[in-house]
Amino acid sequence: MGHTRLFSFSSAFFWSLLLLSQLIITLAGAQAAVGPVGVGVNYGMIGDNLPTPEQVVGLYKSRNITGLRLFDPNPAALKALERSGIRVVLGTRNEDLQALASNASFAAAWVNANVLPHAASIRFQYITAGNEVIPGDLAGNVLQAMQNLDAALVAAGLSIPVTTVVATQVLGVSFPPSQGSFSQSSLPFMVPIVSFLAAKQTPLLVNVYPYFAYSGDPKDVPLDYALFNAKQPPVIDGGLSYMNLFDAIVDAMYSALEKAGGPPGLQLVVSETGWPSGGGGLGATVENAQTYNNNVVAHVKSNAGTPKRPGKALETYLFAMFNEDQKPPGTEQNFGLYHPDMTEVYHVNF
Ligand SMILES: *[C@@H]1O[C@H](CO)[C@@H](O)[C@H](O)[C@H]1NC(C)=O
Ligand SMILES: *[C@@H]1O[C@H](CO)[C@@H](O)[C@H](O)[C@H]1NC(C)=O
């Protein structure tokens, strides 16, 4: 056959491709064994009666919770996380944002103090500059802080994505999902952040709380829809139908990203979601919290994605591991999966 020569010439290439693809499959398999991108849990520490970080990390491991978000670089928590195999989202304190943004040496010192000593023993998933500061007085620092942290990480020889965490308050329009867009007060901050993240192929982190949408507007937001229990698609948006509010909120954010110039590949990570089990708020019951959190875990683990991004894994972190007694009184103190004595408030199947 006339192609024989070409075939034999290319067979070496073919075999090397095959080996390469097997290597990639093996690597992907190894990563999946460590813990697929799935459901992590926020480790909030605003309590005076919480277990030690060693006990907390032990609890995560005993439950096979493979991801953890830390709100600030707590040294004892970072020490306890070393060699745990848990992937860690590490935040900067909002109080440090201005210095991180205006002083590259401060950002380098932050990386050298909080990341570099643990880099060989902790898998840092993201470093986040700022939590829910857009819009607001600190919003103007976020991009520069991200840039300085990124440069400091590169200078330290580390390859860890840098991003920020936003609340859905960045949205001016959130319904229907296809109309989602950033508010006029957020847009000037979000556009350059979106472009930074797109260039680095790093996701934006967003806190998603169907609970607050429901409790703030129970007449228009059915409880079943917020709890992933709707029997009929209650929201039809163009060609897409929404069975739950979680997906509708995530897709409103995707619409806003697109309108702010984000490419289709720019991803979201849900850095917080949860439901209070008490504290007096409307619908804040153990039963609803258990229903919501189990349903969100099952939804995320199914890799169904959202109607706008079907079949796309959505990395998600529940809020939070513990009830935190030094948060504002009421529902805020009751988002934990666990009591401070490490007994379950209710069971979540991970
Ligand atoms: C955690 O994962 C291991 C290994 O897959 C399994 O044997 C164990 O039962 C799991 N534990 C829990 C609490 O799910
Ligand atoms: C910048 O940060 C470095 C390192 O923390 C600090 O020594 C220096 O004083 C800071 N410069 C200013 C102008 O704040």
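Every number for a ligand or one of its atoms is a count from 1 in the order of the listing. In this text, all values refer to a predicted model and were calculated from it rather than measured experimentally.
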The closest protein heavy-atom partner of atom 11 (N) of ligand 2 is Asn103 ND2, 2.8 Å
Short check: is a protein heavy atom less than 4.0 Å from atom 9 (O) of ligand 2? no
Under 4.0 Å from atom 14 (O) of ligand 2, is there at least one protein heavy atom? yes
Would you call Arg69 and Glu315 a salt bridge, using N to O less than 4.0 angstrom? no
Which residue and heavy atom of the protein sit nearest atom 5 (O) of ligand 2, plus the separation: Phe106 CD1, 3.7 Å
Side-chain heavy atoms nearer than 4.5 Å, only ILVMFWY residues, links allowed to pass through others: does that put Val269 and Ile65 together? no
Could you go step by step and tell me if Thr168 and Ile249 meet the side-chain contact (heavy atoms from CB on, under 4.5 Å) rule? CA-CA 8 Å; Thr168 46; Ile249 295 172; 3.5 Å; yes
Check whether Tyr60 forms a cation-pi arrangement with Arg63 (NZ or CZ under 6.0 Å from the six-membered ring centre, at most 45° off the ring normal). no
